[in-house]
Amino acid sequence: MSRAAGLTVWHIPLAADAPEERSLSLLDEDERRRAERFVRDRDRRRFVAAHAALRQILAHLTGRPPASLRIVTPANGKPQLAEVPLRFNLSHSGDHAVLATSWNCEVGIDIEVAAPGSDLDGMADIVMSEPERAVFSTVPAQCKPAAFLRLWMRKEALLKAAGHGLARDPRTLTVGLDPGEAREVAMDGTVWHLRDIVPAPDLRGSVCADKPPGPIRFRIGPWPSFLSGSPVEAA
Ligand SMILES: CC(C)(COP(=O)(O)OP(=O)(O)OC[C@H]1O[C@@H](n2cnc3c(N)ncnc32)[C@H](O)[C@@H]1OP(=O)(O)O)[C@@H](O)C(=O)NCCC(=O)NCCS
């Protein structure tokens with residue numbers, strides 16, 4: 001079992017036509033029930049592929065069989081492993097999923113592949129703090145989509161790290177929208193460490209930890225042979 005300190009980000013490509021049978025056999029009953037509820041075939045396949053990969057990676061790190069891992073969801077909604085102190089957080093968007101794992105930090109992660117909607121100033125009122133809105137109003141129109149996404153992924157990563165998800169009003173937090181990879185944000189008596197990341201070519205995201213994560217290790221495809229490969233270190 002590998003117990004490297006710090007934070008690892010795993011990139012999982014989600015082929016919409018991936019065969020499902022073996023993947024389904026790795027999931028627990030709750031995951032299979034959730035998979036059945038998807039209306040669109042493509043969305044179900046992506047969910048199944050993401051959760052099968054999640055279990056394979058957690059199995060790789062804990063030395064336990066994938067299907068035997070008990071993933072529980074406490075009242076705040078953030079899934080966690082029962083019995084093993086390995087922290088993880090999953091995010092998926094389009095054909096991609098990413099997983100953040102750590103043995104010593106609480107972690108949250110977010111990726112977004114879709115461009116934000118067209119009414120960015122209206123959305124800014126819903127998700128940005130007052131200082132962020134003031135800066136956003138000065139951003140040139142052509143730079144607004146990227147600035148908005150950067151801020152949004154940071155907020156989601158932070159809210160997911162703490163387990164709040166969107167139950168907490170994102171306007172109560174200031175994470176900034178200017179480029180710059182690392183930043184620290186205090187929330188509820190904890191200093192959270194945010195990093196902008198590029199977990200795969202052309203894929204942007206944000207990851208958050210409750211301790212300085214040090215250099216982030218990236219594990220990038222081809223899936224799943226990279227389980228045995230060497231991680232790519234990033235500052
Ligand atoms: C968690 C949440 C932020 C996910 O946002 P998203 O951008 O759609 O999804 P992502 O792909 O980045 O993350 C989804 C994953 O986060 C994890 N997750 C779910 N709830 C979480 C929470 N409270 N904290 C951290 N992670 C969470 C799950 O692993 C989930 O994957 P799964 O659905 O395949 O199991 C959002 O759905 C949420 O806040 N939900 C719960 C709060 C809520 O419903 N509040 C209602 C009152 S406003």
Side-chain angles (χ1 to χ4, degrees), residues 7 9-14 16 18 20 23-24 26-40 42-58 61 66 69-82 84 86-102 105-117 123 126-127 148-173 175 185 187-188 190 192 194-197 199-200 203-210:
L7 202 162
V9 172
W10 309 74
H11 173 243
I12 305 155
L14 301 178
E20 270 186 314
S23 294
L24 267 173
L26 301 180
L27 308 192
D28 69 13
E29 254 176 58
D30 179 55
E31 289 168 313
R32 270 181 241 147
R33 251 197 314 272
R34 289 183 64 197
E36 278 165 22
R37 285 194 221 124
F38 283 95
V39 176
R40 291 197 301 185
R42 188 185 65 176
D43 294 337
R44 188 192 67 251
R45 284 176 181 274
R46 283 174 171 162
F47 175 87
V48 169
H51 280 254
L54 162 71
R55 283 180 174 273
Q56 282 172 283
I57 294 167
L58 298 182
L61 294 171
L69 292 166
R70 214 153 61 78
I71 297 175
V72 294
T73 306
N76 69 6
K78 183 176 184 180
Q80 61 187 48
L81 271 174
V84 191
L86 174 66
R87 312 304 203 321
F88 71 90
N89 195 232
L90 181 70
S91 178
H92 25 80
S93 187
D95 289 337
H96 302 272
V98 286
L99 177 69
T101 59
S102 178
C105 321
E106 202 52 74
V107 290
I109 192 162
D110 190 53
I111 51 168
E112 302 288 343
V113 294
M123 284 158 66
I126 299 169
V127 304
F148 184 91
L149 266 190
R150 200 157 44 233
L151 169 135
W152 179 241
M153 292 188 293
R154 288 173 186 163
K155 289 208 173 179
E156 275 225 53
L158 170 60
L159 290 169
K160 290 177 72 187
H164 296 307
L166 299 178
R168 173 154 180 164
D169 186 344
R171 290 172 298 191
T172 60
L173 304 164
V175 298
V185 177
M187 179 173 70
D188 303 338
T190 300
W192 297 89
L194 277 163
R195 301 277 186 278
D196 295 343
I197 55 169
L203 183 64
R204 297 257 169 320
S206 188
V207 68
C208 182
D210 67 349

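Note that ligands are numbered from 1 as they come in the structure, with each ligand's atoms numbered from 1 the same way. Position 1 is the first residue of the sequence; numbering continues from there.
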Legend entry - Electrostatic pair Arg55-Asp28, nearest N-O below 4.0 angstrom: yes

Inset, instruction - Verify, without hydrogens or angle tests, whether Ser91 (side chain) and Ile111 (backbone) share a donor-acceptor contact under 3.5 angstrom. - result: yes

Inset, instruction - List in chain and number order the residues that pass ring pair (Phe, Tyr, Trp, His ring centres under 6.0 Å) with His96, two or more places apart in sequence or in another chain; answer none if no residue qualifies. - result: His11

Inset, instruction - Sort out the contact shell of ligand 1: every protein residue with a heavy-atom distance below 4.0 Å, listed by chain and number. - result: Arg34, Phe47, His51, Asn76, Gly77, Lys78, Pro79, Asn89, Leu90, Ser91, His92, Asp110, Glu156, Lys160, Gly163, Gly165, Leu166, Ala167

Legend entry - Asp210/Arg87 salt bridge by N-O under 4.0 Å criterion: no

Legend entry - Atom of Lys155, atom of Pro170 and distance for their closest heavy-atom approach: NZ-O, 2.8 Å

Legend entry - N-O pairing of Glu106 and Lys78 below 4.0 Å: yes

